[in-house]
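Since the structure comes first, as structure tokens, the remarks are kept for the end.
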Amino acid sequence: LAVSSTAAIIKLSEVLQTHASIQLGAIVLNLDAGMKLQLMALADACQWVILDRTPAALIAATVTAFGGPLSELPFVSAGFWEYIPQAADYTPLAMIQPGGA
């Protein structure tokens with residue numbers, strides 16, 4: 001269950017990154033950065049509730065969610081890789097301009 005739910009969350013992330021809207025029957029949801037963040041947070045919280053429910057795991061996941069991308073910034077600054085402009089709305093990276101070091 002852990003592997004399949006993680007794979008589903010990764011697929012959700014891909015869909016949210018590549019689509020500006022999602023159609024559910026006759027309803028079309030326009031996905032701005034805030035809505036995408038809320039959907040990902042909801043999926044992550046559901047996984048935590050189903051699989052773990054310990055405060056330590058919640059704290060570790062939250063720190064990793066923000067700390068992971070921030071730990072990549074020295075590599076971006078050194079030119080090893082760069083973020084695509086579409087990643088600029090990702091919360092930990094929102095204060096950093098794409099292409100600027």
Side-chain angles (χ1 to χ4, degrees):
L1 184 60
V3 173
S4 60
S5 63
T6 300
I9 289 172
I10 291 169
K11 185 63 177 177
L12 173 63
S13 176
E14 176 191 355
V15 168
L16 293 177
Q17 234 8 108
T18 57
H19 293 82
S21 64
I22 295 178
Q23 185 168 355
L24 302 171
I27 301 171
V28 176
L29 295 173
N30 291 320
L31 302 172
D32 62 357
M35 176 67 83
K36 291 177 182 181
L37 180 62
Q38 290 174 6
L39 288 171
M40 285 300 297
L42 179 62
D44 299 338
C46 287
Q47 184 184 41
W48 174 75
V49 166
I50 292 167
L51 297 177
D52 197 303
R53 296 186 193 175
T54 63
L58 181 61
I59 291 167
T62 303
V63 169
T64 302
F66 284 90
L70 293 176
S71 68
E72 296 172 355
L73 293 179
F75 297 103
V76 172
S77 178
F80 291 111
W81 70 76
E82 61 185 51
Y83 287 104
I84 59 173
Q86 293 86 346
D89 66 350
Y90 183 60
T91 299
L93 303 175
M95 71 290 265
I96 298 165
Q97 296 297 322

(request) Would you give the length of the straight line joining atom CG of Leu37 to atom CG of Asp32, rounded to the nearest 0.5 angstrom? (result) 10.0 Å
N/O donor to acceptor pairs below 3.5 angstrom from side-chain atoms of residues 20-27, sequence neighbours left out:
from, atom 1, to, atom 2, distance (Å)
Gln23, NE2, Gly25, O, 3.0

(message) Restricting to non-hydrogen atoms, name the atom on Ser71 and the atom on Gly68 that form the minimum distance, rounded to 0.1 Å.
(response) OG-O, 2.6 Å
(request) Using the side chain to side chain donor-acceptor pair (under 3.5 Å) rule, collect all pairs that involve residues 56-67, keeping only residues at least two apart or in two chains. (result) none
(request) Only counting residues at least two apart or in another chain, list the ones meeting side chain to side chain contact (heavy atoms under 4.5 Å, CB included) with Gln38. (result) Met35
(message) Under 4.5 Å between side-chain heavy atoms, counting indirect links through other Ile/Leu/Val/Met/Phe/Trp/Tyr residues: same cluster for Leu16 and Leu42 or not?
(response) no
(request) Can you run down the salt bridge (charged side-chain N to carboxylate O under 4.0 Å, His left out) pairs that involve residues 7-18, sequence neighbours left out, and say none if there aren't any? (result) Lys11-Glu14
(request) Tell me, please, which residues at least two apart from Ala43 pass side chain to side chain contact (heavy atoms under 4.5 Å, CB included). (result) Ile9, Leu12
(request) Could you state whether Leu73 and Trp81 fall into the same hydrophobic cluster, counting links through intermediate Ile, Leu, Val, Met, Phe, Trp or Tyr residues with side-chain heavy atoms under 4.5 angstrom apart? (result) yes
Please list, one pair per line, the donor and acceptor atoms closer than 3.5 Å that link side chains of residues 46-61 to other protein atoms, with sequence neighbours excluded.
from, atom 1, to, atom 2, distance (Å)
Gln47, NE2, Ser5, OG, 2.7
Gln47, NE2, Thr6, OG1, 2.9
Trp48, NE1, Thr54, O, 3.1
Asp52, OD1, Thr54, N, 2.9
Asp52, OD1, Thr54, OG1, 2.5
Arg53, NE, Val49, O, 2.6
Thr54, OG1, Ala57, N, 3.3

